[in-house]
Amino acid sequence: MVRRISKYKKFVMGNPVIQFFKFLWLSLKILIIVAGGHGGTRKVS
Amino acid sequence: MAKVVILGAGISGHVAASHLRRKLGKEHKVVVVSPNGNYQWVPSNIWVGIGRMKPKDLLFPLAPLYKKKGIGFIRGKAVTFHPEGDTENSSPYVNIEYVLGEDKGKREKVTYDYLINATGPRLAFNLTEGLLPATNKAYSVCTYDHAEHAWKGLQELIVSMKKGQKVKILIGTGHAKATCQGAAFEYILNVEQELRRHKVRDMAEITWIANEHKLGDFGMDGMLLTYGSNIMKSNEMVEMIFEDRGIKWILGAGVHKIEDGVAHYENLEGEYKSEDYDFAMLIPAFTGHGFKAYNKDNDDITEKLFKGFMIVDADYTAKPYEQWSVQDWPETYQNPSYANIFAPGIAFAPPHAISKPRVSKNGTAISPSPPRTGMPSGITAKLVADNIIDLIQGKSKELHHKGSMGNMGAACIASAGYGMTSGSGVSITTYPIVPDFKKYPDTHGRKLGKTFGEIGLAGHWLKLALHYAFLYKAKMKPFWWLIPE
Ligand SMILES: Cc1cc2nc3c(=O)[nH]c(=O)nc-3n(C[C@H](O)[C@H](O)[C@H](O)COP(=O)(O)OP(=O)(O)OC[C@H]3O[C@@H](n4cnc5c(N)ncnc54)[C@H](O)[C@@H]3O)c2cc1C
């Protein structure tokens, strides 16, 4: 069964006020993932 | 004095060049070789393809910037690699061919101390019979001129829909081993929204066609992600979006031939089928550029440098999917035979796919090749630049800057429709990009929380913000380096 997007969810997805806060939250969350850094996966030989 | 030559001025080449120039003293030379005189912010080509942006909005000429910043620039393309020099001169060099002006077609040896191959992919339209941008009603959005053609085609279609013609639109991958499903995903959602904006949505049947086994695979084996308070698979998320937008889908399809308005494909069941369309956008296969390499005696040593794409510090031993490990993926992007050659971004040869390889009942391989999106392309280019800087400055003989795609997160902000109040975006982050099944055995190799999805207007704003931020960064405006890759 394919999930459906409810009317309420659609409202949330398109509401500029709610989405403004989502924008701030998303930007921060993505920045944390990027700033979380990167590195190797192997032990130093 | 050291000379660093960078081949390609895409995301990875330009990131490497700008960091090298900023951090290296003027006594060192940084030279970029690129056939295209413009820098383009490739992700925004999607919006050119729906007529909401013009190519000029996402590109700028490189020559004036490079002149101002003291970066050498050659409008040419690399042709052959000579990492040991030749019988006349022992300095390593690349043979380049000028593509412009009086010197067009002329070849020159460009010597280097360090070489960064950031030539990205060759868009291999020729691997699918009949697939050529803007022919057979099939288009591409891989470059800004392709995207401009696509918009012309779509615009004509919209006019005919307004006159009452019912049409079929087909968007996805145009080869059994294609990658970059994310770009096609963005384009299908943007086209769907534009048709609604033009009030002709009911005149079009829109179909997704892809070599993915399941929706939302994206060449990354799909993902388990958090979505609000739910935990769902990426295929469930994409199914939900397609269902909501009335988009049909064909999966496990290896498109092998395009005729005027017809896409022929083989599916995983081994059936040969075809799909009619009035407008298609199909991503071609991506391959290496077919470069040749020679040693000082002019013997062919291509296999030391290339395996399609460039060979780097990956484990290329052929092994079954079950034995693939995150440690197979490169960390420094250094060629093992020539320590002064590096290949970040799409230019490096991946050790294997990320998605599980699948073959049809006829033995045809039909599954996505591994994507290397903008963020890892930028990150790997920066770490290559940092390692070269350390080597030049004599800080270390070891390469300290490492960044495996198995220990790196990526954010993919997929536009799902353009518009300040009516737009939408599907924001997906994954950590790590290459699943680490040992570290995260219960969550399909990825860390939940850091792997999440979000749908809504905020995603569109974010994608637009990234467009402006990355163009600002690419233009090397004040404090550009504070914006992360
Ligand atoms: C339509 C589209 C949308 C996308 N959207 C997103 C997105 O939203 N987010 C994301 O993260 N990623 C996205 N991507 C992927 C992203 O664009 C790539 O990951 C990125 O461009 C790779 O950078 P690169 O520098 O390795 O290669 P490229 O950008 O392909 O650059 C290669 C450069 O090498 C040059 N070159 C080619 N041949 C030679 C030669 N012989 N000698 C010298 N130079 C040469 C080319 O002219 C080019 O300048 C998208 C891709 C496409 C096609």
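In what follows, every chain begins at residue 1, and chains take the letters A, B, ... in the order their sequences are listed.
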**OP:** Sort out for me which of Gly39(A), Pro16(A), Gly14(A) touches chain B most, counting heavy-atom pairs under 4.5 Å.
**Re:** Gly39(A)
Original post:
Got a second to check how far Leu457(B)'s CG is from Phe23(A)'s CZ, nearest 0.5 Å?
Top reply: 10.0 Å
Original post:
So which of Asp436(B), Asp244(B), Val326(B), Leu466(B) has the biggest tally of heavy-atom pairs under 4.5 Å with chain A?
Top reply: Asp244(B)
**OP:** Decide if atom OH of Tyr472(B) counts as having more than 12 heavy atoms of other residues, nucleotides or ligands within a radius under 6.0 Å.
**Re:** yes
Subject >> Minimum heavy-atom distance Gln19(A)-Gly456(B), with the two atoms named >> reply: OE1-C, 3.6 Å
Subject >> Where Asp328(B) and Arg42(A) come nearest, the two heavy atoms and their spacing >> reply: O-NH2, 3.9 Å
Original post:
Can you check whether Gly40(A)'s main-chain N or O pairs, donor with acceptor, with Asn407(B)'s side chain at less than 3.5 Å?
Top reply: yes
Original post:
Which value, rounded to the nearest 0.5 Å, describes the distance between Glu331(B) atom CD and His38(A) atom NE2?
Top reply: 11.5 Å
Subject >> Among Gly403(B), Gly409(B), Ser325(B), Pro484(B), residue most engaged with chain A (heavy-atom pairs, under 4.5 Å) >> reply: Gly403(B)
Original post:
What part of Ile32(A) lies closer than 4.5 angstrom to a heavy atom of chain B: side chain, backbone, both or neither?
Top reply: neither
Original post:
Are Arg4(A) and Glu243(B) side-chain neighbours, meaning at least one heavy-atom pair lies under 4.5 Å?
Top reply: yes
**OP:** Examine whether an atom of Ser424(B) lies under 4.5 Å from a heavy atom of chain A, and if so say whether it belongs to the side chain, the backbone or both; otherwise answer neither.
**Re:** neither
Original post:
How about Lys319(B): does its NZ atom have over 12 heavy atoms from other parts shown lying under 6.0 Å from it?
Top reply: yes
Original post:
Is it true that Glu239(B) and Arg3(A) make a salt bridge, defined as a side-chain N closer than 4.0 Å to a carboxylate O?
Top reply: no
**OP:** Select one option (side chain, backbone, both, neither) describing which atoms of Phe21(A) are under 4.5 Å from chain B's heavy atoms.
**Re:** neither
Original post:
Atom CG of Leu462(B) and atom CG of Leu26(A): how far apart are they, to the nearest 0.5 Å?
Top reply: 6.0 Å
Original post:
By number, which residues in residues 410-422 of chain B have some heavy atom less than 4.5 Å away from chain A?
Top reply: Ala411(B), Ile413(B), Thr421(B)
Original post:
Do any of residues 446-454 of chain B have a heavy atom less than 4.5 Å from a heavy atom of chain A, and if so, which, in residue order?
Top reply: Gly449(B), Lys450(B), Phe452(B), Glu454(B)
**OP:** Answer yes or no: is there a donor N or O on one side and an acceptor on the other, between the side chain of Gln327(B) and the main chain of Thr41(A), under 3.5 Å?
**Re:** yes
Original post:
chain A heavy atoms under 4.5 Å from Asn230(B): which part of the residue, side chain, backbone, both or neither?
Top reply: side chain
Original post:
With a 4.5 Å heavy-atom cut-off, do Trp461(B) and Ser27(A) have their side chains touching?
Top reply: no
**OP:** May I ask you to check whether over 12 heavy atoms, not counting those of Lys233(B), lie within 6.0 Å of atom NZ?
**Re:** no
